[in-house]
Amino acid sequence: MKRPLWTSAIGCLAAAAALMTGGWSAQDDDPLTRPLPARPEWVQPQTPLRLFGNTYYVGTAGISMALIDTGAGLILVDGGLPQAVGTVEANIRRLGFRVEDIRYILNTEAHFDHAGGLAALARDSGAVVLAAPAGAEALRAGRVLDEDPQAADIEAFPAVANVRAMEDGEVLRLGTTEVKAVFTPGHTPGSASWTWRSCEGETCLDVVFASSLNAVAAAPFTYGAHPEVTARLRESIDRMEGLDCDLLISAHPDNSGGDRKLAALEAGASSNPFIDPTACRAYAERARQGLAARLEREASR
């Protein structure tokens, strides 16, 4: 796909940001970490933090990534951008873990901002990447599927070789942890959310790492002209609303107030701001309102 001129300018900015974060350098031109266009917050470093129990935040300020310490190896959720791989790996090491101990990497959606770093992270760790079947197809190709609502202008990304498809409801077991795949398509054809339980002593919480549920599209796609995609997104929103959910991590922190929660947690909040049994319901309602507004805008054109 021919890249518009404006993306080249953004790409230069992304490269500069990557240089500042240590994720990429001109002297070490790794093809798997070459910068892609990005918003500044997507590559802005974020202090790694323990969210609860064996669950840690290792992503950037604008792209969530979670690390789970299972006692028998690590599970990483999402891959971020290629130019942020160095920052993410440094976050993992800063917490006292080894990148080489990552056994599995789970993907929420095969868009470059959540999947662009997967190839490099899988190479560096030797991990197997897991995704929904449609997501796995896109990851192997290094580009979104033609039926993706943003297919007309979404960036390609490094293809992922070592990827395996999971079924809806399938459980990944590693050490003391069981992670379940919950398919939530609509934002992309292969979007998946992931759930597990995390414990501190005798207190255990249901953790949800949620894929994006916002109705975003690139012309000529409209949700109004694709009722089957709209129906799938509505089903995914309803499904998110009904999940057991004590602690929510959304793919983009600012879509669920996660940016504010990270700041409060880092500042030493007296209570954990991520513990909120209403968070998934609020996330679903935000998405529901966003879809309704999108359909209304489309209908008025």
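Computed from a prediction, not measured in an experiment: that's the story for all the values here.
- Residues Glu109 and Ser212 have side chains that bring a donor and an acceptor to within less than 3.5 angstrom of each other.
- Of all the heavy atoms in Gly169 and Lys180, the pair that sits closest is O-CG, 3.6 Å.
- Closest of all the heavy-atom pairs between Leu139 and Ala115 is CD2-CB, 3.5 Å.
- Note on Phe274: it does not cluster hydrophobically with Met240, by side-chain heavy-atom contacts below 4.5 Å among ILVMFWY residues.
- Linking ILVMFWY residues whenever their side-chain heavy atoms come closer than 4.5 Å, directly or via other members, leaves Tyr104 and Val58 in distinct clusters.
- The side chain to side chain donor-acceptor pair (under 3.5 Å) contacts involving residues 216-226 comprise nothing, where partners must be two or more places apart or lie in separate chains.
- The shortest distance between side-chain heavy atoms of Asp244 and Thr195 does not fall below 4.5 Å.
- Considering only heavy atoms from C-beta on, Arg93 stays 4.5 Å or farther from Leu95 through its side chain.
- Under 4.0 Å is where a charged nitrogen must lie from a carboxylate oxygen, and between Glu200 and Arg50 at least one such pair does.
- Nearest heavy-atom pair, Pro149 versus Val216, reported as atom, atom and distance to 0.1 Å: CB-O, 3.5 Å.
- The shortest side-chain heavy-atom distance between Val208 and Cys280 falls under the 4.5 Å cut-off.
- Note: the hydrophobic cluster containing Val144 also contains Trp42 (ILVMFWY, side chain heavy atoms under 4.5 Å, direct or indirect links).
- Going from atom OG of Ser64 over to atom CZ of Phe209 covers 5.0 Å, rounded to the nearest 0.5 Å.
- At least one donor-acceptor pair closer than 3.5 Å links the side chain of Ser236 to the backbone N or O of Pro185.
- Side chains of Ile249 and Leu51 form a contact here, defined as non-hydrogen atoms less than 4.5 Å apart.
- Once rounded to the nearest 0.5 Å, the distance linking CD of Gln46 with CD1 of Ile63 reads 12.5 Å.
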Apply side chain to side chain contact (heavy atoms under 4.5 Å, CB included) to residues Leu106 and Val179 and explain how you reach the verdict. CA-CA 10 Å; Leu106 314 179; Val179 183; 3.6 Å; yes
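- Of the listed residues (Thr55, Asn54, Val88, Leu76), just one forms a side chain to side chain contact (heavy atoms under 4.5 Å, CB included) with Leu67, and that residue is Leu76.
- Taken from CG in Leu291 to CD in Gln289, the straight-line distance is 11.0 Å, to the nearest 0.5 Å.
- The side chain to side chain contact (heavy atoms under 4.5 Å, CB included) test with Pro133 is passed by exactly one of Glu167, Arg164, Met166: Glu167.
- Considering all non-hydrogen atoms of both residues, Pro220 and Ala152 come closest at CD-CB, 4.5 Å.
- Counting heavy atoms from C-beta outward, Val77 and Trp196 have side chains that approach closer than 4.5 Å.
- Counting only residues at least two apart or in different chains, disulfide bond (SG atoms under 2.5 Å apart) contacts with residues 164-241 comprise Cys199-Cys204.
- Look at Arg288 and Asp238 and you find a salt bridge, because one of the NZ, NE, NH1 or NH2 atoms lies within 4.0 Å of a carboxylate O, short of that distance.
- No side-chain donor-acceptor contact under 3.5 Å links Asp148 and His187.
- Between Arg140 and Ala165, the closest heavy-atom pair is NH2-N, 4.2 Å.
- Residues Thr176 and Thr70 bring no donor and acceptor atom of their side chains to less than 3.5 Å of each other.
- At a cut-off of 3.5 Å, with distance as the only test, a side-chain donor of Thr108 or Asp78 sits close to an acceptor on the other residue.
- Taking hydrophobic clusters as Ile, Leu, Val, Met, Phe, Trp and Tyr residues chained together by side-chain heavy-atom distances below 4.5 Å, Val129 shares a cluster with Ile92.
- Using modelled atom types and a 3.5 Å distance limit, the side chains of Glu266 and Thr47 yield a donor-acceptor pair.
- Taken to the nearest 0.5 Å, the CG atom of Leu121 stands 6.5 Å off from the CD1 atom of Ile102.
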Give the intermediate values and the outcome of side chain to side chain contact (heavy atoms under 4.5 Å, CB included) for residues Arg173 and Val171. CA-CA 6 Å; Arg173 294 178 175 86; Val171 175; 3.9 Å; yes
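- Within 6.0 Å of CD on Glu296 lie no more than 12 heavy atoms contributed by other residues, nucleotides or ligands.
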Test log, rule side chain to side chain contact (heavy atoms under 4.5 Å, CB included), inputs Cys245 and Asp206: CA-CA 5 Å; Cys245 175; Asp206 290 302; 5.7 Å; no
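- At a threshold of 4.0 Å, the pair Glu241-Arg281 does not count as salt-bridged, since none of the basic side-chain nitrogens sits closer than that to a carboxylate oxygen.
- In this structure a side-chain-to-backbone donor-acceptor pair under 3.5 Å is missing from Asp246 to Leu205.
- Taking CD1 of Ile75 as the start and CZ of Arg103 as the end, the distance is 9.0 Å to the nearest 0.5 Å.
- One side chain, Asp113 or His252, offers a donor N or O that lies under 3.5 Å from an acceptor on the other.
- Between the side chain of Glu147 and the backbone N or O of Pro189, no donor-acceptor pair lies under 3.5 Å.
- For the pair Leu172 and Glu178, the minimum side-chain heavy-atom distance is 4.5 Å or more.
- Here the side chains of Ile105 and Asn107 are not in contact, with every heavy-atom distance at 4.5 Å or above.
- The distance from atom CZ of Phe52 to atom CG of Asn272, rounded to the nearest 0.5 Å, is 7.5 Å.
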Just do the side chain to side chain contact (heavy atoms under 4.5 Å, CB included) check on Val99 and Asp101 with the steps written out, would you? CA-CA 5 Å; Val99 172; Asp101 291 334; over 6 Å; no
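- Heavy atoms from other residues, nucleotides or ligands lying under 6.0 Å from CZ of Arg239 number more than 12.
- Across every non-hydrogen atom of Gly224 and Glu298, the tightest pair is N-OE1, 2.7 Å.
- Judged purely by distance below 3.5 Å, without hydrogens or angles, the side chains of Trp194 and Ser211 never pair a donor atom with an acceptor atom.
- A search for ring pair (Phe, Tyr, Trp, His ring centres under 6.0 Å) contacts involving Tyr56 returns Phe97, not counting sequence neighbours.
- Ile68 and Leu49 end up in the same hydrophobic cluster when Ile, Leu, Val, Met, Phe, Trp and Tyr side chains are linked at under 4.5 Å.
- By the 4.5 Å heavy-atom criterion applied to side chains, Thr60 and Val43 are not counted as neighbours.
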